[in-house]
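Report on one structure; see the data block that follows.
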Amino acid sequence: MSLSAVLIVKNEEENLPRCLRSLEGVCQEIVVVDTGSSDRTVSIARDAGARVEFFPWNGNESDARNYSVQQATGDWLLVIDADEELSLELHTELRELMPELAQRPEVRSGSLIWENHFDGGEGNRTRILR
């Protein structure tokens, strides 16, 4: 059972390294879809071992997201933004969960506890479908 992470990015050289590090050891594939970066985003993604694809930005995030999902080859997808990262707790949970999902083909989606932090302050936790 494999997990692919998909990211839509543009000029994310500041955030991308942290996000990609958090996916190591969990995702068997990382697909970074660049929508027109003019900074080092593409080289950072490639240096981290991600597969980089390109989608010309047309003003529609859904089109870019659909394209990114089509590029992934994993059994499961994790849609994540470059300014997000997996917590150590979630990293561990996903590593433990993937073998269980291989035994449960009826499961088609899942929800995760997501914690948002704004400007380094207190976080709020919410459950989201991913």
Side-chain angles (χ1 to χ4, degrees):
M1 187 71 40
S2 61
L3 178 63
S4 295
V6 294
L7 297 88
I8 300 170
V9 299
K10 182 176 181 182
N11 294 332
E12 288 287 357
E13 70 180 3
E14 294 294 320
N15 293 315
L16 192 57
R18 180 177 40 84
C19 176
L20 294 175
R21 276 192 306 273
S22 80
L23 300 172
E24 291 175 1
V26 175
C27 298
Q28 289 70 45
E29 173 184 56
I30 300 172
V31 180
V32 173
V33 174
D34 187 78
T35 61
S37 292
S38 59
D39 64 3
R40 296 180 39 248
T41 295
V42 169
S43 62
I44 289 169
R46 286 185 174 143
D47 289 348
R51 181 162 46 93
V52 177
E53 301 288 342
F54 297 91
F55 182 85
W57 183 248
N58 64 3
N60 188 323
E61 185 175 350
S62 293
D63 288 348
R65 180 71 65 213
N66 290 339
Y67 179 81
S68 73
V69 167
Q70 292 169 356
Q71 304 311 302
T73 62
D75 300 304
W76 282 85
L77 299 177
L78 175 65
V79 177
I80 189 167
D81 293 337
D83 64 348
E84 299 174 327
E85 66 182 294
L86 299 183
S87 67
L88 184 55
E89 177 184 35
L90 182 54
H91 192 280
T92 301
E93 284 183 47
L94 286 172
R95 281 198 340 265
E96 293 171 356
L97 181 62
M98 292 312 294
E100 180 183 329
L101 290 174
Q103 306 302 315
R104 302 193 52 205
E106 75 278 8
V107 177
R108 305 300 297 160
S109 65
S111 63
L112 306 169
I113 299 293
W114 215 253
E115 188 168 346
N116 292 306
H117 294 269
F118 301 98
D119 294 326
E122 286 292 315
N124 68 318
R125 295 172 69 102
T126 185
R127 180 170 291 280
I128 60 171
L129 184 65
R130 284 282 173 134

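Start at 1 with the first residue, then count along the sequence. What's counted below: heavy atoms across the whole structure, side chains too, no hydrogens, waters or symmetry copies.
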Rounded to the nearest 0.5 angstrom, the CH2-CD1 distance for Trp57 and Ile8 is 7.0 Å

Any donor-acceptor pair under 3.5 Å linking the side chain of Ser4 with the backbone of Ile30?
-> no

Using atom types as modelled and distance alone, determine if a side-chain donor or acceptor of Gln71 lies under 3.5 Å from a backbone N or O of Val31.
-> no

From CG (Leu97) to CH2 (Trp76), nearest 0.5 Å | 7.5 Å

Salt-bridged, Asp75 to Arg104, with N to O below 4.0 Å?
-> no

Main-chain N/O of Glu13 paired to Thr41 side chain as donor or acceptor, under 3.5 Å | yes

Mind checking whether Asn15 and Asp81 have side chains closer than 4.5 Å, heavy atoms only?
-> no

Identify, with sequence neighbours excluded, every residue that meets side-chain hydrogen bond (donor to acceptor under 3.5 Å, both in side chains) alongside Ser22.
-> none

Atom pair CG/CG of Leu7 and Asp34 - distance to nearest 0.5 Å = 11.0 Å

For the side chain of Glu53 and the backbone of Val33, is there at least one donor-acceptor N/O pair under 3.5 Å apart?
-> no

Near Arg40 CZ, under 6.0 Å, is it more than 12 heavy atoms from other residues, nucleotides or ligands?
-> no

Counting distance only, does the side-chain N/O of Glu85 pair as donor-acceptor with the main-chain N or O of Asp83 below 3.5 Å?
-> no

For Ser37 and Lys10, which heavy atoms make the closest approach, and how far apart are they?
-> OG-CA, 3.3 Å

Quick one: are Pro99 and Gln103 in side-chain contact, heavy atoms under 4.5 Å?
-> no

